[in-house]
Amino acid sequence: MAASEQIGIKGLHSFHYYVHDFERSRQFYEDRFGWVATHRSGDALSERSGQQCTVFQAGGVRAAVSAPDGIGSPRSARWLKRHPDGIGSLTFEVEDAQKAWDFLTARDATPITRLETFDASDGGQFRQFLITTAIGDVAFRFVERRDTAQFAPGFEALQDESAAQGLGFRRVDHVTCNAQTMASVKLWLEHVLGMEQCWEIEFHTEDVAREEARDFGTGLRSVVMWDPRSGLKFPINEPLAPFFKDGQINRFIEDNAGAGVQHVALEVDDIVHSVQHLRHRGVRFLKTPKVYYEMAAPRLREQGVEPSALAHSLELLEPLGILIDGSPVNNYLIQIFLEDAMTLYDEPSAGPFFYELIQRCGDQGFGGGNFRALFEAIE
């Protein structure tokens, strides 16, 4: 049986985001992103953990946002002493927690907790455990929910999850990590979690061979690991010489005080509608250079995509700054990146994390042309 079937991941249940300023995050998720607060930590859990946590949701995407409340020594406070705001853990829902535990521990996973069982207030049951990873201080949690609609043990519902539907967000498409060396992360995902490589790319933001006198730029290598059963994908970026220290990947690692999650890509139903709606609400996106659209049509044709055959014209995408990439025959994806939090708030403690919006129109890749455009836009 394939490793993906043995571990039994159903999907990404949620991600846990640690913040210094909870109200700033609340305003972003509710007022700008239009997400709904569906759950929060109950009094007993908050007192025991020393932190307040609220879950913001849109479609199948859940961000659990925690801030320390000054009592005790919660993990969020310890984490925030070392890092700016960022993702401290990812939670995967699995078919059978015992089976996942047996699979992972047999492959030398390092548990943080034992496999624990909790009764849910609606009569169901949770089984879960937490392990370390090779992605800096990011931990992975695996949870099995039996006959319960609750978010997690100790949480209380604020609104029914149906209130978070209809916002155009579907699910998490991929989670991208940056590290000074991808080998340890790649090998860990492969040999411990049983993931497989499905894509790779290497480039500089300019052609270094042609411009040997250049003294700045970004070079990177990227591979994508995925879990075939759930479809979850994990791109991993590492810096590439000669601009290793000054390139964007290493700068992220320095700003983040270590390897970590660079961005989460959110799949949406209609990216044009989403971007128009979010811009109206004050969400800020990276600006795309005009030359990108001047070169888009010939680049798409080289990829086996005829621009006139697409449902999304370049004339529609350009004013919104949406990127497009393709693969034969006339398959394509469109995506856009938000500003990172520290740029948005002009505050280093807000961290270098950002979101991506993506709509896949037949293309299951990662937009190699858009990788370069993203990094050149940031520069």
Shortest non-hydrogen contact from [X] toward [Y]:
| X | Y | value |
| --- | --- | --- |
| P352 | D255 | CG-CB, 4.1 Å |
| Q57 | A164 | O-CB, 3.4 Å |
| Y332 | I324 | CD1-CD1, 3.7 Å |
| N237 | S222 | OD1-OG, 2.8 Å |
| R24 | D21 | N-OD1, 3.1 Å |

Side-chain heavy atoms under 4.5 angstrom apart, residues restricted to Ile, Leu, Val, Met, Phe, Trp, Tyr: same cluster for [X] and [Y]?
| X | Y | value |
| --- | --- | --- |
| L193 | I236 | yes |
| Y355 | Y18 | no |
| L158 | F155 | no |
| I358 | V275 | no |
| F252 | F244 | no |

Single hit among Q335, K233, R360 for side chain to side chain donor-acceptor pair (under 3.5 Å) with D173: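 The residue from Q335, K233, R360 that satisfies side chain to side chain donor-acceptor pair (under 3.5 Å) with D173 turns out to be R360.
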Any chance [atom1] of [X] has more than 12 other-residue heavy atoms, nucleotides or ligands included, within less than 6.0 Å?
| X | atom1 | answer |
| --- | --- | --- |
| R40 | CZ | no |
| R26 | CZ | yes |
| D108 | CG | no |
| R114 | CZ | no |

Would you call the rings of F140 and F92 parallel, tilted or perpendicular, taking 30° and 60° as the class edges?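 If you compare the ring of F140 with that of F92, the planes turn out perpendicular.
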Could you check whether the rings of W101 and F129 sit parallel, tilted or perpendicular, using 30° and 60° as the cut-offs?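 Perpendicular: the ring planes of W101 and F129 meet at over 60°.
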Determine, stepwise, if the pair S41 / Q51 fulfils side chain to side chain donor-acceptor pair (under 3.5 Å). CA-CA 9 Å; S41 53; Q51 61 193 26; over 6 Å; no
Check against salt bridge (Lys or Arg N to Asp or Glu O under 4.0 Å), R221 and E200: CA-CA 8 Å; R221 294 177 60 226; E200 64 181 319; 5.4 Å; no
Would you sort out whether Q359 and D269 count as a side chain to side chain donor-acceptor pair (under 3.5 Å), showing the intermediate values? CA-CA 7 Å; Q359 180 181 349; D269 291 325; over 6 Å; no
List the residues meeting side chain to side chain donor-acceptor pair (under 3.5 Å) with E347, not counting sequence neighbours, and say none if there are none.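 Side chain to side chain donor-acceptor pair (under 3.5 Å) check on E347 returns S349.
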Between CZ of F33 and CG of L278, what distance do you get to the nearest 0.5 Å?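 Interatomic distance, F33 CZ to L278 CG, rounded to 0.5 Å: 6.0 Å.
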When you look at F366 and H174, which way does the ring-ring contact (aromatic ring centres under 6.0 Å, His included) test go after all the steps? CA-CA 10 Å; F366 281 85; H174 60 271; 4.9 Å; yes
Just wondering, do D246 and N250 contact through their side chains at under 4.5 Å, heavy atoms?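 When only atoms from C-beta onward are counted, D246 and N250 do not touch, as no gap falls below 4.5 Å.
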Measuring only between side-chain heavy atoms, which start at C-beta, is F28 closer than 4.5 Å to L344?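 Heavy-atom side-chain distance check passes, below 4.5 Å.
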Do NZ/NE/NH1/NH2 and the carboxylate oxygens of K245 and E254 come within less than 4.0 Å?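 Looking at E254 together with K245, the answer is no, because their closest N to O distance does not fall below 4.0 Å.
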Would you list the atom pairs, donor with acceptor, under 3.5 Å between side chains in residues 9-16 and any protein atom, with sequence neighbours excluded?
{"unit_1": "H13", "atom_1": "NE2", "unit_2": "F151", "atom_2": "O", "d": "3.3"}
{"unit_1": "H16", "atom_1": "NE2", "unit_2": "S66", "atom_2": "OG", "d": "2.6"}

Run through D96, I131, L115 and flag the one making a side chain to side chain contact (heavy atoms under 4.5 Å, CB included) with F142.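 Answer after filtering D96, I131, L115: I131.
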Derivation and outcome, salt bridge (Lys or Arg N to Asp or Glu O under 4.0 Å), residues E116 and R127: CA-CA 6 Å; E116 300 171 304; R127 294 200 299 171; over 6 Å; no
Between R299 and Y292, is there a donor-acceptor pair closer than 3.5 Å when you use the side chain of the first and the backbone of the second?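 Looks like no, no N/O pair under 3.5 Å.
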Are Q125 and D147 close enough that a side-chain donor and a side-chain acceptor fall under 3.5 Å?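 No.
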